[in-house]
Amino acid sequence: MEYFLDTANLDDIKKINDIFPLTGVTTNPSIIAKEKRDFKEIINDIYNIIGKDKIVHAQAVGYTADIIIKEVNLLRDTFGENFYTKIPVTAEGIKAMKILAKDGHKITATGILSSQQIIMAAEAGAEYMAPYINRSDNIGESGIEIVKDAFTILETVKKTDEECLKRYKRIFEPKILGASFKNVRQVHETMLAGSKSVTIAPDVFERLIYHPYTDWSMDTFNSDWEKAYGNKTLLDLL
C-alpha cells in the first residue's frame with residue numbers, strides 16, 4: 001500500500017513523515033497557492049524533508065496540450081525522476097498524456113470523477129489515476145463505486161488483453177490513487193475497492209491509527225506498571 005500526504009505545508013510534512021511510512025507528497029494548484037511562497041522553493045523544500053527517493057506530485061496548469069507538454073518537460077528537468085506531473089482528464093490533458101507517456105514521463109491523472117476517466121487515463125499512459133472520493137459523494141454519486149468499477153475493468157483487461165498486459169508490464173502497472181477524503185472510513189473502503197495508493201490530508205492521516213480503546217489500554221498498562229516499578233523502563237531493569 002502506498003500512502004501519500006496531500007499538502008504543501010512543511011510543518012505537517014515534517015510531522016507526518018517523521019512518524020508514518022510515506023511514499024511521498026501530493027499537491028495541487030490550490031494547495032500550492034495556499035502557502036503563498038515561490039513554487040520552486042516549495043517543491044525543493046518538500047524534497048529536502050522527505051528525500052529525493054520519495055515521490056512528489058504537482059500539477060501542470062496549462063490549458064492546452066502544447067503548454068502542458070512544455071510544462072511537464074520543464075518540471076522533470078527541474079525536479080528529477082521522482083517527480084510526477086498531475087494532468088487533468090480533460091480532452092487536452094488526455095492528448096498531452098499520450099504524447100508524454102511515449103517519452104517516459106511520469107504522469108498522475110487528476111480531476112477524476114468517473115470510472116471511464118480512470119480507464120481512459122490509464123490507456124493514455126498515466127501511471128497514477130486520482131479519483132476524488134468525497135467530491136463524488138457530495139454530488140450524489142459513490143466515489144467507492146467509481147474505484148471499484150475501474151479496478152474491475154483494469155484487472156479484466158490485464159487478464160484478457162495480451163497487448164495491454166505487455167504494455168502495462170513494460171512501462172508500469174497503473175495504480176488508482178484515491179484522493180479527496182473527509183474521514184478514515186472513506187480511506188478504508190477505497191482500499192478495499194482496489195485502490196493501491198491513497199493521498200490523505202494531514203488531519204485525516206493522523207486519525208488512521210487512532211482508536212479510543214488503544215489509548216485506554218496504554219493508560220491502563222502504564223498505570224499498572226508504575227504501581228509496581230515506578231518510572232523505571234526496561235532499560236533500567238535489564
Side-chain angles (χ1 to χ4, degrees), residues 1-28 30-37 41-58 82-84 108 128 130-138 142-148 151 175-238:
M1 196 67 209
E2 293 182 332
Y3 289 98
F4 290 89
L5 185 64
D6 195 29
T7 186
N9 182 276
L10 299 183
D11 290 336
D12 286 335
I13 295 170
K14 289 175 184 175
K15 180 179 180 181
I16 299 296
N17 186 64
D18 184 53
I19 299 171
F20 295 96
L22 276 186
T23 302
V25 171
T26 66
T27 70
N28 61 41
S30 296
I31 286 174
I32 293 290
K34 186 179 179 181
E35 297 304 307
K36 296 182 172 60
R37 297 176 54 228
E41 288 183 0
I42 291 173
I43 301 301
N44 282 330
D45 285 345
I46 292 173
Y47 272 122
N48 287 337
I49 294 170
I50 66 174
K52 277 287 188 177
D53 58 322
K54 294 186 179 180
I55 296 170
V56 173
H57 303 249
N82 269 343
F83 184 89
Y84 282 69
T108 300
Y128 289 96
Y132 295 159
I133 305 304
N134 195 68
R135 291 187 192 181
S136 296
D137 292 350
N138 283 342
S142 171
I144 304 302
E145 289 302 315
I146 288 170
V147 171
K148 188 180 298 183
F151 179 76
K175 295 185 281 286
I176 298 174
L177 173 61
S180 175
F181 298 109
K182 290 301 180 184
N183 56 67
V184 172
R185 187 66 196 177
Q186 288 177 328
V187 177
H188 181 70
E189 290 183 356
T190 298
M191 292 178 178
L192 288 175
S195 180
K196 298 180 180 180
S197 308
V198 288
T199 183
I200 310 165
D203 59 331
V204 177
F205 207 115
E206 291 188 279
R207 294 202 298 270
L208 288 175
I209 62 168
Y210 172 75
H211 195 287
Y213 277 117
T214 299
D215 291 348
W216 177 84
S217 297
M218 294 308 103
D219 288 342
T220 301
F221 292 156
N222 291 336
S223 177
D224 291 343
W225 178 270
E226 289 175 3
K227 289 175 184 176
Y229 300 104
N231 293 325
K232 292 180 179 179
T233 71
L234 295 181
L235 297 177
D236 303 307
L237 300 177
L238 296 177

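- Ser223 places no side-chain N or O within donor-acceptor distance of the main-chain N or O of Asp219, the cut-off being under 3.5 Å.
- With rounding to the nearest 0.5 angstrom, the CG atom of Asp215 is 5.5 Å from the OH atom of Tyr210.
- Distance check, rounded to the nearest 0.5 Å: CE of Met191 to CD1 of Ile144 gives 11.0 Å.
- When every heavy atom of Arg37 is checked against every heavy atom of Ile42, the shortest pair comes out as NH1-CG1, 3.6 Å.
- The salt bridge (charged side-chain N to carboxylate O under 4.0 Å, His left out) test applied to Glu206 returns Lys15, not counting sequence neighbours.
- Under the 30°/60° scheme for interplanar angles, the aromatic rings of Tyr229 and Trp225 are found to be tilted.
- In this structure, Ser136 and Ser142 approach most closely via the heavy-atom pair CB-C, 4.4 Å.
- Ring centroid separation for the pair Tyr128 and Phe4 comes in under the 6.0 Å cut-off.
- Rounding to the nearest 0.5 Å gives a distance of 6.0 Å between OG1 of Thr7 and CD1 of Ile31.
- The heavy-atom pair separating Ile43 from Ala58 by the smallest distance is CD1-CB, 4.1 Å.
- With rounding to the nearest 0.5 Å, the separation of OG in Ser180 from CD1 in Ile200 is 12.0 Å.
- Asn82 is not listed as a side-chain neighbour of Lys54, based on a closest heavy-atom distance of 4.5 Å or more.
- For Asp236, the CG atom counts as densely surrounded, since its 6.0 Å shell holds more than 12 non-hydrogen atoms of other residues, nucleotides or ligands.
- Residues Ile32 and Ala8 come closest through the heavy atom pair CD1-CB, 4.2 Å.
- Residues Lys227 and Asp224 are in side-chain contact: their nearest non-hydrogen atoms beyond the backbone lie under 4.5 Å apart.
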Test Ile133 against Lys182 for side-chain contact (heavy atoms from CB on, under 4.5 Å), laying out the working first. CA-CA 9 Å; Ile133 305 304; Lys182 290 301 180 184; over 6 Å; no
Extract all donor-acceptor atom pairs below 3.5 Å that involve side chains of residues 18-27 and protein atoms in other chains or at least two apart in sequence.
unit_1, atom_1, unit_2, atom_2, d
Thr23, OG1, Tyr3, N, 3.4
Thr26, OG1, Asp6, OD1, 2.6
Thr26, OG1, Thr199, OG1, 2.5
Thr27, OG1, His57, O, 2.9

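- Here the NZ-CD1 distance, from Lys148 to Ile176, works out to 12.0 Å after rounding to the nearest 0.5 Å.
- Separation of atoms CG (Asn183) and CG (Leu208) is listed at 10.5 Å; rounding is to 0.5 Å.
- Under a cut-off of 6.0 angstrom, the local environment of NZ in Lys232 is sparse, with at most 12 non-hydrogen atoms contributed by other residues, nucleotides or ligands.
- In plain terms, the two heavy atoms of Val56 and Ile46 that are nearest each other are CG2-CG2, 3.7 Å.
- Every pair passing side chain to side chain donor-acceptor pair (under 3.5 Å) that includes a residue from residues 184-198 is listed here, sequence neighbours excluded: Glu2-Ser197, Asn134-Gln186, Asp137-Gln186, Glu173-Lys196, Arg185-Glu189.
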